[in-house]
Structures are given as structure tokens and as C-alpha cells.
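Computation of the quantities below employed the complete heavy-atom set of this structure, encompassing side-chain atoms and omitting hydrogens, waters and symmetry-equivalent molecules.
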Amino acid sequence: KLEYKVLDDAQLSFMKEVLSDFDLIGVRDRHTFDMINGWNVVASDKLERVPDPTLLTDVPVSKDIVRGHLARCGVDLSKPLLGVTFSLPVIDDRLIPIYRKLGYQVIGFSSSARNVDINLPGRLDPFQWAQALGCMKLCFTNLFHGSIFCIKSGVPFLGFDYFNSSEYDTKMHCLLEEFDLLKCYVPVKNVDVYWNPAYENI
């Protein structure tokens with residue numbers, strides 16, 4: 001979220017000096033790549049775009065084991081499942097009621113999720129959490145890594161970006177753009193503008 005154009009000269013000088021000492025710099029998003037590259041303090045062969053580690057990591061717990069755990073938590077695996085990682089009026093008041101009428105059970109993945117049937121914070125370890133997203137039929141997430149686990153599991157999702165900015169592309173935007181999934185992108189600051197196309201994508 002760093003908007004490097006607002007840094008003062010002393011901060012920029014310090015960051016340039018530190019970065020110049022490295023032999024290799026790995027960055028995960030275009031914004032950071034452009035920021036460092038624009039400072040002209042490192043040779044181009046020092047700077048590498050690297051994928052987020054979760055894209056390369058296999059979850060060491062099977063989906064079957066996680067499904068059993070979800071059932072013990074009260075999840076009805078005979079129903080289609082809607083996973084929600086946050087709360088937003090457009091989600092709580094518009095989308096969840098639609099899916100509930102369609103027979104979905106709504107599963108919350110964070111303490112901030114409201115209007116859900118079952119909320120799972122504190123009941124899943126990180127690996128179970130990642131695998132549980134893959135057990136959903138559909139997800140609404142505000143999380144970068146939530147989007148990654150949906151992509152890896154082939155679960156349809158909408159990524160709601162709280163940090164969208166006119167100054168730079170966020171990690172979420174970069175991720176979905178690189179996977180040709182911007183149709184799944186909903187910037188929260190402009191949610192009313194994006195609501196109709198997002199609804200059509202659903």
C-alpha cells in the first residue's frame with residue numbers, strides 16, 4: 001500500500017541505499033517492481049518478479065479430511081456452499097439472501113463475516129482454512145490469499161479490494177489481471193459503480 005511518491009527525500013535516500021546493497025531483490029507485484037525500478041538504484045538483473053509463495057505451495061491436508069472437519073463444525077455438505085471472508089452491505093444485504101434462497105449454506109471465514117449460517121474463525125488451522133475455501137461452490141473474498149486459494153482450487157469467486165487506489169494497482173488487482181480474471185475484481189471504494197457488472201458476473 002506504500003505510495004512512494006509521498007516519501008520525503010531522506011526516506012527515499014535511505015531506501016535506495018539499503019536496496020543497493022542487495023544482490024537480488026524479489027518483488028511480488030508490478031507496483032513494487034515499478035517503484036524500485038524507477039529509482040534507478042539497482043541493476044535490472046538484480047530485480048525479479050516472483051510469485052507469491054502460496055501459489056507454489058501444496059496444502060498438506062487433504063480435502064476429504066477438511067470436509068470431515070467442516071461436517072463436525074455443522075457444515076451441511078449436501079448443500080452448495082458459499083464462502084465469505086468479510087462483511088460488506090452489498091454482500092450481507094444483496095448477495096447472501098439471493099444465495100440462501102437458492103439453497104446455499106453460507107460459511108464465514110473471518111470474525112468480521114456477518115449474516116452467515118456458520119462462522120469458522122478459530123475452528124480451522126491455516127492449512128485447513130486454505131483447503132476449506134476449495135470446498136466452496138462460490139466465494140466472496142477481500143483477501144489476496146483467499147483469491148489465490150480459490151484460483152488454485154478452481155472455485156469461482158469475486159475479489160473485493162479494500163485498497164484499490166487511483167495511484168497504483170494493488171496486489172489483488174495485479175493478481176487477477178495476470179490470471180485474466182479482472183471480471184472477478186470489485187474495488188470496494190467504487191462498489192456502486194462496479195455493482196452491476198459484478199452482479200452480471202455472478
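- Atom NZ of Lys63 is surrounded by more than 12 heavy atoms from other residues, nucleotides or ligands within 6.0 Å.
- Met15 and Leu24 fall into different hydrophobic clusters, where Ile, Leu, Val, Met, Phe, Trp and Tyr are joined by side-chain heavy atoms under 4.5 Å apart, directly or via other members.
- At a threshold of 4.5 Å between non-hydrogen side-chain atoms, the residues Leu88 and Phe140 do not count as touching.
- When all heavy atoms of Ser112 and Phe86 are compared, the closest pair comes out as OG-CA, 3.6 Å.
- Looking at Asn115, its side chain does come within 3.5 Å of a backbone N or O of Asp92 through a donor-acceptor pair.
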Output a table of donor-acceptor pairs, distance under 3.5 Å, between side-chain atoms of residues 170-179 and any protein atom two or more places apart or on a different chain; print 'none' if there are none.
{"from": "Thr170", "atom 1": "OG1", "to": "Asp161", "atom 2": "OD2", "distance (Å)": "2.4"}
{"from": "Thr170", "atom 1": "OG1", "to": "His173", "atom 2": "N", "distance (Å)": "3.2"}
{"from": "Glu177", "atom 1": "OE1", "to": "Arg30", "atom 2": "NH1", "distance (Å)": "2.9"}
{"from": "Glu177", "atom 1": "OE1", "to": "Arg30", "atom 2": "NH2", "distance (Å)": "2.8"}
{"from": "Glu178", "atom 1": "OE1", "to": "Arg49", "atom 2": "NH2", "distance (Å)": "3.3"}
{"from": "Glu178", "atom 1": "OE2", "to": "Arg49", "atom 2": "NH1", "distance (Å)": "3.4"}
{"from": "Glu178", "atom 1": "OE2", "to": "Arg49", "atom 2": "NH2", "distance (Å)": "2.6"}

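- For the pair Thr85 and Phe160, the minimum side-chain heavy-atom distance is 4.5 Å or more.
- The structure places SG of Cys73 at 11.0 Å from CG of Asn119, a figure rounded to the nearest 0.5 Å.
- Ser110 and Pro121 make their closest contact through C-CG, 3.2 Å (heavy atoms, listed as atom of the first residue, atom of the second, distance).
- The CD1 atom of Ile36 lies 5.0 Å from the CG atom of Leu19; values are rounded to the nearest 0.5 Å.
- Side-chain contact of Ser62 with Asp64: a donor-acceptor pair under 3.5 Å is absent, judged by distance alone.
- Grouping Ile, Leu, Val, Met, Phe, Trp and Tyr by side-chain contacts under 4.5 Å, direct or through others, puts Val61 with Val59, Ile65, Val66, Leu70, Val75, Leu77, Leu81, Ile107, Phe109, Ile118, Leu120, Leu124, Phe127, Trp129, Leu133, Met136, Leu143, Phe149, Val155.
- Note: the hydrophobic cluster containing Leu56 does not contain Val50 (ILVMFWY, side chain heavy atoms under 4.5 Å, direct or indirect links).
- Between the side chain of Glu17 and the backbone N or O of Phe14, no donor-acceptor pair lies under 3.5 Å.
- Here the CG-OG distance, from Asp52 to Ser147, works out to 11.0 Å after rounding to the nearest 0.5 Å.
- Judged by distance alone, with hydrogens and angles left aside, the side-chain atoms of Lys152 form no donor-acceptor pair with the main-chain N or O of Gly134 at under 3.5 Å.
- Side-chain atoms of Asn142 do not come within 3.5 Å of backbone N or O of Gly159 as any donor-acceptor pair.
- Using a 4.5 Å heavy-atom threshold, the side chains of Val84 and Val106 count as touching.
- Ring pair Tyr99/Tyr104 is perpendicular by interplanar angle, where above 60° counts as perpendicular and below 30° as parallel.
- Note that CG of Asp29 is 9.5 Å distant from CG of Asp169, once rounded to the nearest 0.5 Å.
- Between the side chain of Gln105 and the backbone N or O of Lys79, no donor-acceptor pair lies under 3.5 Å.
- Counting non-hydrogen atoms of other residues, nucleotides and ligands closer than 6.0 Å to CG of Asp93 gives a total above 12.
- Minimum interatomic distance between Gly103 and Pro80 (heavy atoms only, all atoms of both residues): O-CD, 3.7 Å.
- Between Phe144 and Ile148 there is a side-chain heavy-atom pair separated by less than 4.5 Å.
- Here the shortest heavy-atom pairing between Ser20 and Lys46 reads O-NZ, 3.0 Å.
- Here NE2 of His145 is found 8.0 Å from CG of Leu55. Values are rounded to the nearest 0.5 Å.
- More than 12 heavy atoms of other residues, nucleotides or ligands lie within 6.0 Å of CG in Asp125, so this atom counts as buried by the packing criterion.
- In this structure, CG in Leu138 is found 7.0 Å from CG in Leu158, a value given to the nearest 0.5 Å.
- Within the 4.5 Å cutoff, no side-chain heavy atoms of Thr32 are placed close to those of Arg28.
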